[in-house]
Amino acid sequence: MFKEYKNLEIDKITNEIRCFWEKNKIFEKSIIYRNNKKLYVFYEGPPSANGSPGIHHILSRTIKDIFCRYNTLKGQKVTRKAGWDTHGLPVELVVETKLGITKKDIGKKISIYTFNKKCKEAVMRYSNEWNKLSKHLGYWIYLDKPYFTFKTKYIETIWWLLKNIYKKKILYKGYKIQPYSPAAGTGLSSHELNIPGAYKKKSDLTIIVQFKSKKNTLPKKLKKINGDIYLLSWTTTPWTLPSNTALTVGINIDYVVISTYNPYSFSKINIILAKKLIKKVLYKNFFPVSNEKELKEIKQNKIPYLVLNVFKGETLIGSCYEQLIDWFLPYKNKEKAFKIISGNIVNKKIGTGIVHISPTFGEEDFFLSKKNGIPPMLILDKNKIPIPLVDMEGKFIKETPYGFSGKFVKNEYYSYDKRPDKSVDLEIALFLKKLNKVFKIEKYIHSYPHCWRTQKPILYYPLDSWFIKTTSLKKEMLYLNQFINWKPKSTGKKKFGYWLENITDWNLSRSRFWGIPLPIWRTKKGDEEIVIGSIEELINEIEKSVKEGFMSYNPFKNFIIGNMSEKNYNSIDLHKHNLDNIILLSKYKKPMIRESDIIDVWFDSGAMPYAQLHYPFENQFLIDKKKFFPADFICEGVDQTRGWFFTLHTISCILFNSISFKNVISNGLVLDKTGKKMSKSRGNTINPFEIIKKYGPDTIRWYFISNSSPWGNIKFNIEKIENIKKKLFGTLYNVYSFFAIYANIDNFKYKEKEIKLKNRPTIDKWILSELNTLIKKTYNNYNNYEPTKVARKIEVFVIDNLSNWYIRLSRRRFWKGNYTNNKISAYQTLYTCLLTIYKISSPIAPFFMDNFYKNLKNTLEPFESVHLSYYPKYNISTIDKNLELKMSIAKDITSMIFSLRKKEKIKVRQPLKRALILINNFPPKKNFIINIIKKEVNIKHIKFLSNKKMYNFTKKTIKINYKLLGPKFGKNINLINSLISKLNKKEIKNIENVYFFIIKIHDHKICLSKKDVYILTEYMQGWSAICYNGITVALDTNISEDLKKEGLSRELINKIQNIRKYYKYKITDKILLYIETSKFLEKIIKNNKKHICEETLTSELILIKNLKYGIFLYIENKKFKIFLKRNL
RNA sequence: AGUCUCGUAGCUCAGUUGGUUAGAGCGCUACACUGAUAAUGUAGAGGUCCGCGGUUCAAAUCCGCGCGAGACUACCA
C-alpha cells in the first residue's frame, strides 16, 4: 500500500523526517556509503558564534546544503566539517562592556589571562542557536567535531603557515598609517570605524595653498612662461602641510596654467590647476579674459584671469617644487622629496586637481609616496629614532618652531576650558597668508571618522605593524583568479579582480588580546628575530633559554612532542597571556621578547583549509596530494569578497601556488519587503526560527532559491512563501495523493515488468520526454551552480506539465476500466515522474522530497532515503522534441477553443460539432493531438486543413524578417518593408509557393528568399475564429438537437457527481439512482442512459413518476427530483 | 566621495549574440471547468522597460551622463 494522507501537514512531515534522519543516521550514511568514491570538497566558512544567526544565514546555508546534497546524489563523497571563528574584536568588545572596562584596563585592572578566559567563554554563547538553525533548516554539516580557531592544533598550523611565509621573505615589520585615537591613546581597527555613528559631519578649515614650482624642472612649454608658476593644492588638514613631501596629479587629467592675481595680496602670479576645476576655484571675484591687455586691469576688486596653456597631468610628473613650510626636512632621502607624482586618487570634482601628500598622516599618501620613492617627513629624535612631526598625543613635537610646539593639531583634543580661539589649522593658514602662499581659505563640511569611545576625531598615524608583502604576489593572485568559477562572474572579475589590482600589503598585526599571538620573537634592537613554526620548535627554543637562564622553567614541559591526541594538545594554551612571558635566546645569546601583537582574525579563517586538518602535523597527504584541497565549492555573502574569499586566496597563492576554491557563490543580501536593509535599529529583522517553524524549512529554502538568483538581493516577502507552499508543495502533494488512491485501489505495486517505451500511449511518451528534458536541464544547471534555474524548471514541470496537463488528460485511465497494460503504463509513468521529481528536488527541499520518496520506494528503488539514492540519468532516446512541440501546439489550440467558447458563451459541457484548424508546417501524425483536443474541449470533430483549401476563408499578412534582412540592406530596410507590406493576397500566395522572389526598389531588382519574410494567416470569414502563434482555429457553433441533449445529459451527470461527493461516497461505490420523470428528462436520458450510468457508477437508473424522497435539482431552470443511495 | 551590483505591470521576476506587437506567476474583475486539487482554464484591466543623450536601418538590451536602492571601500587633499 502507498501511504495515503487526509491533508498536507508540512510541519508533521518535517518533524518525522528529521527524527528519521537522526535515528537512522542518514547524514552519516550519505558519506560512509560513498567512502570509496571521489571526494567533493566543501569548506564551511566559519561563523562567529558570538552573535545569533539571522535570516540571511538561511540563504547561504541553503545554497551550501543544496550543492553538497546534489553532489552526494551524483555519487560523490561530500564531507563537511563545521567550524567556528572564535577570535577577534567583537568578542573582546562584548567582554569589555560586560566587565565595564576599556582596553587600557586590560593587563592592569584585569589580567590578560582572565580577560582571555572571559572571551573564550563569551565566544560560544550563541553556538546552540547556530546548531539549532542547522538542524531546523536541514543543513547537513558535521557538528560533532568542528574546528575552533582558538584550539592549540589550529594555532599550531597558523604558526607553521606564518613561518613558511616568513621563509619566503615576505613577512616584514613596517609602518602603516592607521586610524588612531590620540585621546584614547590607541589605534582603531577599521571595524571600529564602521560602528554606526563613527562617521560624523565635521566642519574643517580648508585652504588652497601655492606650491612654488622649480621652473627648470617643468616641461618646456611651461618654462617659457614669464614669472613664477605655482601649483595650487587644496587641503582639509592644514596641520599636515609641514609634513608635505610630494604633490599628486592625475596623468589623464587636463591641467591649465593661468595668469592671474593672488586674491589677498593682488600680486601677479601664474597658477596650475585642473581645467575642469577652474570655475570652482576661480569663482565670485574672478572673470576670464582673452588677452594680455585685459589681464592688466583689476576693476573694483574683480580679478581677471587668462588661460595660457592646457596640458595633460602626465607632463608634470617628475617636476619639482619648493618646500612650502621649511621647518624640517626628512631625515632620509630628502633629495627625493618635493616632487610631482602620479596617482589615481585625484578627485576631478573637488579641490584643484593637485593633491598634497603627507606620507605620515594619510594612508593613501603613504602608499603612493612609497610607490614613488618619496620619503615621509620623519625626523630623528634625540635617541636617533625617526618620528613624525606630531606625537602620539596629537601634539606638534617640541622642536616645532613659530609657537606651534606642543599644540594639539585638532582643537577637539583640548579640554573645553583650555581650548584656544584659533585652531592650529587656522594658525597655519594665517602663517602661510603672511608668506603670501595662500590662495583661498574656506570652511568645508565633510564626514570624518570619530573615535567611538572618546567621540573625538581620529588621526591617521604611522604605527608599527607586521605585514605580508602581498603586493609582490599580485600577478600570481590575478593569474590564479582566472581559474575560479565565480558566481556571479562580476564578483570575481570586477569586485575581486579590481581589489587584487589595487592590492596593498596585508597588515597582520592587531594590538589586542584575544587572538592568535604572532609567533615572532625579537631582540630589543630588532637585529635578531625568530619565527616559530611549531610547538616542538617553541619548546626546544624555550629549553635553550632556560639553560641560559633567561627563563626559570619551561611552562610547556608536559607537552609530549609528536603525540597528536586531543588530551596532549588541550594541555597547553598558546594565547597571549602565556606567550608574553616567554623569552627566547638569540643566536648571539641575547634575550628575545615576543612581538606583542596578535594576528588578524581574517588570517585565522583564511587558513582554515589547512588548520582544520592540523596540516602538516597531521593529514599532510590530504593537502599535498590535493585530496582535500582546493575546495570544489564554497559559498558566503558577497561581503566576504574582501574578507574570507580574499584571505583564502592569498594564503593558498603564497604557500601552495594554487587556488583554494574552484567554484564560489557569493550570495546577496536579504532585504525587507520594501528593499531596505534589515537591521535591529530599523526593527525590520525577521527571526529565522519563527519563519522556519511557521512555513517549514523546505518552503523557505525553495522560496529563497526560486525567487531570484542567489547573488541578487532578495526582498523578503512572506506572501510569496505562502504561494510556494500552496502551489508547488500543494500540487506535488495532490499528485501523489491522486497516484496513491488509485494505485491502492488497483493494487499497483510496480511488480509488473516495465512496459517498453514504444508500447506506451503517446501521452506517456510525451510526459516521459518532458521528464528527461527536465533531468537534462536540471543536471546542467546544478553543475553550473544555477540553483534558481533548477527550481524554476521543476516548478514548470510539476505544475504545468505533470499536474495540469498529464494528469488532467490521463485521469480516466486511472479510475476507469480494467487493469490493462494501458493502465499499468499510466501508473508506471506517473510513478517514474514522481520518483524522479523527488530525487532532483531533494537538494532544495530535503524533508518533503524524502518523505514522499520513502512512500514510493520499492525493490527497484531500495534506498533508505532519497539522499542515499542517485541522481537520475536522462535518456536521450526518450526525448522526443517533435512530440513536445506537438503537445505544446495542442495546448495552444485547446486554449484557443476555450477562448472561442467563452466568446460565444457556450459551456464546455455542451458538445460541439467541429472545429477547423489551420497551421503551417504541422508535424505529421496528428491523430494523437486531435483526440486530446477533442476530449479537452468537448468537440466531436477536429479537422486540420491545408492552406489551399482554406484559401478563401483567410486573410494573409506578410512581414519581413528584420534579423535576416537588416544587416543586408541597412537603411533601405524600411523601404523594403513598406513595399512588402503592400503586397496583396494573391501576391503573397505566389510567394508562398516559391523559394525566391524579386521586388523592385528604385529600378533595382532585389531577390529575396521565402525565409526573408513571415507570412501570417490571420482570419477566417464567416466562422467564429481566433488566431494566435501562427495557428488559426475556427469553431462551428451550430448546436443540433442531439448535441443539445448530450450536453444536458452531461449536466445531469455533473449534478449527480456533486451529490455523490456531498454524500462522501467512495469513488468506487456503486449507486442506485431514482429520478422523477418528465418529458424533458426522458429526452435527456433516452439516448445517453448508458453513458450516464457509466460515469456515475449507477447500477440501476430508475425513472419514477412520483418520488417521495430526494432532492430538487435544476437543469436549464427546469426543476426535478432525484434520489440516490449506495448499492451495497 | 569612489568602486561594484541592481532598476521591466500594483507585487515577485523572465527577457537568448540588439530584430516582428516586451512576457510569466501572484493580486484584482468577470465567466467557465472540476470524482486528485486549498486547484485549473478563458477573458479584461494593468508598461514612459528609472530619466536624458548617443551609436545603429533597428535599443529594455550596447555606450555616455544623471536619478534612485544596496553593498564594499572611505580624512580617498
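The structure displayed is predicted, hence computed values, not measured ones. Lettering follows sequence order; numbering is per chain, from 1.
- A/Phe496 meets the ring pair (Phe, Tyr, Trp, His ring centres under 6.0 Å) test with A/Trp486, A/His649; sequence neighbours excluded.
- With sequence neighbours left out, A/Gln1057 forms a side-chain hydrogen bond (donor to acceptor under 3.5 Å, both in side chains) with no residue at all.
- Within the nucleic acid shown, A/Tyr742 comes within 4.0 Å of sugar-phosphate atoms alone, with no base atom in reach, counting heavy atoms only.
- Taking the side-chain contact (heavy atoms from CB on, under 4.5 Å) definition, one finds that A/Ser369 meets it with A/Ile357, A/Pro359, A/Ile374, sequence neighbours left out.
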Problem - Contact state string [nucleotides 38-43 of chain B, B base, S sugar-phosphate only, - no protein heavy atom under 4.0 Å] - result: SSSSBS
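- The side-chain hydrogen bond (donor to acceptor under 3.5 Å, both in side chains) test applied to A/Thr699 returns no partner, not counting sequence neighbours.
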Interface polar pairs with nucleotides 4-9 of chain B, N/O, under 3.5 angstrom:
| from | atom 1 | to | atom 2 | distance (Å) |
| --- | --- | --- | --- | --- |
| B/U5 | OP1 | A/Lys494 | NZ | 3.0 |

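- Listed by chain and number, the residues in a ring pair (Phe, Tyr, Trp, His ring centres under 6.0 Å) with A/Tyr806 amount to none (sequence neighbours excluded).
- By the side-chain contact (heavy atoms from CB on, under 4.5 Å) test, A/Ile354 is found to be paired with A/Leu231, A/Ser233, A/Leu247, A/Val249, A/Tyr255, A/Ile272, A/Thr352, residues two or more places apart in sequence or in another chain being considered.
- Residues passing the side-chain hydrogen bond (donor to acceptor under 3.5 Å, both in side chains) test with A/Thr894: none are found, sequence neighbours excluded.
- With sequence neighbours excluded, no residue forms a side-chain hydrogen bond (donor to acceptor under 3.5 Å, both in side chains) with A/Ser243.
- Within residues 234-246 of chain A, the residues having any heavy atom closer than 4.0 Å to RNA chain B are, in order of number, A/Trp234, A/Thr235, A/Thr236, A/Thr237.
- Remark: A/Trp234 engages A/Tyr444 in a ring pair (Phe, Tyr, Trp, His ring centres under 6.0 Å) (not counting sequence neighbours).
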